[in-house]
Amino acid sequence: MALQITDENFKTEVLEKGGVAVLDFWAVWCGPCRLIGPIIDQLSEEYEGRAIIGKVDVDNNPDIATQYGIRSIPTVVFLKHGSEVKRQVGVATKAALIKILDEILQEVEVNS
């Protein structure tokens, strides 16, 4: 299961840990969000220890959504050391998300 990211734990769970993070901005009432949710959960298992994979419920955590300028959901934001490096708006395939995540992880490994 993906980490539940909230306004309260965002700093400690994402920003202070650094590295690569993937945040899925979603809402319970959002149909397309329900399509991408299981993919995010799978990624959290497959990339455990390599990237932080989390879900942000925009209705319950408006501060983070505002901070990243989330205007439509689902939106998946890719972070590297706390800074946004890529964004996927709308439903995406698992393969598309893996491609983006692998590219970011490769950049981090090359620059380490």
Problem set entry | Connected via hydrophobic side-chain network under 4.5 Å: Y47 and I39 | yes
For this session: State yes or no: do I53 and I100 share one hydrophobic cluster built from I, L, V, M, F, W and Y residues joined by side-chain heavy-atom distances below 4.5 Å, directly or via other members?
Result: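 Shared cluster, yes.
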For this session: Decide if atom NZ of K86 counts as having more than 12 heavy atoms of other residues, nucleotides or ligands within a radius under 6.0 Å.
Result: no
For this session: Please indicate whether Q106 has more than 12 foreign heavy atoms, meaning atoms of other residues, nucleotides or ligands, lying under 6.0 Å from its CD.
Result: no
For this session: Decide side-chain contact (heavy atoms from CB on, under 4.5 Å) for L101 and L105; before the verdict, give the C-alpha distance in whole Å, the side-chain angles of both, and the deciding distance to 0.1 Å.
Result: CA-CA 6 Å; L101 184 52; L105 285 169; 4.0 Å; yes
[X] to [Y] - nearest heavy-atom pair and separation:
X   : Y  : result
E45 : M1 : OE2-N, 4.0 Å
G54 : A2 : CA-CB, 4.3 Å
Q4  : N9 : O-ND2, 3.0 Å

[atom1] of [X] to [atom2] of [Y]: how many Å apart, nearest 0.5 Å?
X   : Y    : atom1 : atom2 : result
T66 : R71  : OG1   : CZ    : 9.0 Å
I40 : L35  : CD1   : CG    : 12.0 Å
K99 : I104 : NZ    : CD1   : 11.0 Å
E84 : F78  : CD    : CZ    : 10.0 Å

Exercise. Counting N and O atoms only, with roles assigned by atom type, does the side chain of R34 sit under 3.5 Å from a partner on the main chain of A27, one being a donor and the other an acceptor?
Worked result: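 Pair absent, no side-chain N/O of R34 close to backbone of A27.
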Would you say [X] and [Y] make side-chain contact, with heavy atoms under 4.5 Å?
X   : Y    : value
V85 : E107 : no
N60 : T6   : no
V20 : R50  : no
K55 : D41  : yes

Problem set entry | Any pair counted as salt bridge (charged side-chain N to carboxylate O under 4.0 Å, His left out), so long as it reaches residues 20-30, sequence neighbours left out | none
Problem set entry | Other cluster members, F25 - Ile/Leu/Val/Met/Phe/Trp/Tyr, side-chain contacts below 4.5 Å |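 Noted: F25 shares its cluster with L3, I5, F10, V14, L15, L23, W29, I52, V56, V58, I64, Y68, I70, I73, V77, L79.
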Exercise. Disulfide (SG to SG under 2.5 Å): which pairs involve residues 2-109, sequence neighbours left out?
Worked result: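 Qualifying pairs, neighbours excluded: C30-C33.
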